[in-house]
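Heads up: the structure comes next, in structure tokens.
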Amino acid sequence: MGINYYNKKVECASREELDSIQLEGLKRAVELALNSDYYGKKLPESGITSSDDIKSLDDLKRLPFTKKNDLRDSYPYGFLAVDRSDVVRMHASSGTTGTPTTIYLTAEDLDRSTEILCRSLAGTGASSEDVFQNMMTYGLFTGGIMLHYGAEKLGMMVIPVSSGNTARQFKMMKDFQTTAIHATPSYMLYLYSKMEELGIKRSDLALKRGYVGAEPHSEDVRKKIENLWDIDIYNCYGLSEMNGPGLAFECSYKDGLHVWEDSYIPEIINPDTLEPVKEGEYGELVLTILHRDAMPILRYRTRDLTRFIPGKCRCGRLHRRIDRIKGRSDDMLIINGVNVFPSQIEEVIMRMPEVGTNYLIIAQKSGPLDKLIVKTEVTKDVITDDTRDLYSLKARIAENLKTSIFINPVVELHEQGSLPVSEGKAKRVIDERNE
Ligand code: DLL
């Protein structure tokens, strides 16, 4: 397999080189952070008054964690570390409730962020030969415009179509012979389910690869998308507080997501004890951004659950890899006392060929007990006149789920295309118990 680098020097840096880049970056981030109202007060409480207090990477542990609420409470400018006039871009989180969290970038910050996206895309084999259709929402959300910049700088021809309008997406894919797509995994599945209805044949399209992110998805969903579309799918992770997509990205080996360690320091902690977990164990990802002068954030608790993948990747990059996000520490459902992650349910159902491209998980109260309802779409050929087939499929799905999550769910089967779809991130879990 050919390996493509965009910035070989940094991508193939040795561990010692990466450690030294990180130490310099951390010192710089701390120095700048002290200029902000928030860290100007917060860091001295931990005995940090200048970057000279950071002598080794071990000193990271002396820094306080930062949480989403800290960002909210300091809205709008409490984390700003440079003059407002040096800021060229802001973004805001996609949160639907309360005060948004915002980020700021200088022109240099934006260049650095764009550069790591070039590395991420090039690492999957993308080049100026590609026509890149960006189906992520443009606007305050980082998903659209940030990856747009990376793709454009790499020389891909970018179609900034944004999300939604499935018929137009297909028209552009066909007319411009799009070779690469960026979309949520749920939208990639939805798009496929609409292809026939919109009169498009796979052979009309030139698609080769897709970048998916912005929402949790299992390995089985990746395989499903790859098989349906007959393309390569790469996982792209990020969050708005850390400049959005691509802070961790799969290379052509698709064996975990490399975190660009010259720009971020990743830690994985036990969310209860706040101590690091053992190498290879799951915990909460904590990130420190090193290359954003306008707004450093130190030790940000992402709430995302993952683990470091031990060992080295075959691609030669030593930037550590995280596993695909298993879920968020705050999206776990507790059903009659049993912890269930939506990702466990997805894994089971998406492995079954009869299951279609969309599903919905609902938790309800049933008297004093909890009830878990799993609604899944099924493929067209499953719907026959013989209801016995449907009963047996329902029973098999319930049985498979029971084996994995230790709970007996109520399974409902729905026709392809009948469950709700959202334009941005899929909303697949509805907890009606507290409404
Ligand atoms: O979703 C940034 C992004 C855009 C990433 C496009 C990738 C592609 P937020 O709206 O702030 O930013 O949401 C961040 O989405 O904390 C995760 O819980 C989840 N998430 C993002 N990417 C992945 C992924 C963008 N590849 C939150 N796998 C994060 C699983 C993901 N979850």
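Note that the structure is predicted; figures quoted are calculated from it, not measured. Ligands are counted one by one from 1 in listed order, and the atoms in each one are counted from 1 as well.
Remark: distances from the non-hydrogen atoms of F141 to ligand 1 include one below 4.0 Å. Within the 4.0 Å heavy-atom shell around ligand 1 one does not find S93. Proximity of H182 to ligand 1 is established by a heavy-atom distance of less than 4.0 Å. Taking a 4.0 Å cut-off on heavy atoms, K425 registers as neighbouring ligand 1.
Residue T142 approaches ligand 1 through these ligand atoms, each under 4.0 Å from one of its heavy atoms: 2 (C). Below 4.0 Å from some heavy atom of D304 lie the following atoms of ligand 1, by number and element: 16 (O), 17 (C), 18 (O), 29 (C). Set against the non-hydrogen atoms of L239, the atoms of ligand 1 under 4.0 Å away are 11 (O), 12 (O), 14 (C), 16 (O). Counting atoms of ligand 1 from 1 in the listed order, those under 4.0 Å from a heavy atom of G213 are 7 (C), 8 (C), 26 (N).
The backbone N or O of P420 lies less than 3.5 Å from no partner atom in the side chain of K427, so there is not a single donor-acceptor pair.
Defined by atom type and a distance below 3.5 Å, a donor-acceptor pair is missing between the side-chain atoms of Y39 and N35. For the residue pair T106 / D109, a side-chain donor-acceptor distance below 3.5 Å is found, with atom types taken as modelled. For the residue pair H148 and N134, no side-chain donor N or O sits within less than 3.5 Å of a side-chain acceptor on the partner. Side chains of N235 and R222: a donor-acceptor N/O pair is absent below 3.5 angstrom, by distance only.
Counting only non-hydrogen atoms, the option in R324, K326, E215 that gets closest to atom 28 (N) of ligand 1 is E215. Across P216, G238, S240, G424, heavy-atom proximity to atom 5 (C) of ligand 1 is greatest for G238.
Heavy atoms of R328 found under 4.0 angstrom from ligand 1 belong exclusively to the side chain. Neither the backbone nor the side chain of L147 has a heavy atom within less than 4.0 Å of ligand 1. Residue I325 touches ligand 1 through its side chain alone, judged by heavy-atom distances below 4.0 Å.
Here the two rings, on Y104 and Y77, have centers that are under 6.0 Å apart.
In this structure, the side chain to side chain donor-acceptor pair (under 3.5 Å) partners of K171, at least two apart in sequence or on a different chain, are D175.
With contacts defined as side-chain heavy-atom distances shorter than 4.5 Å, the pair N358/S186 does not qualify.
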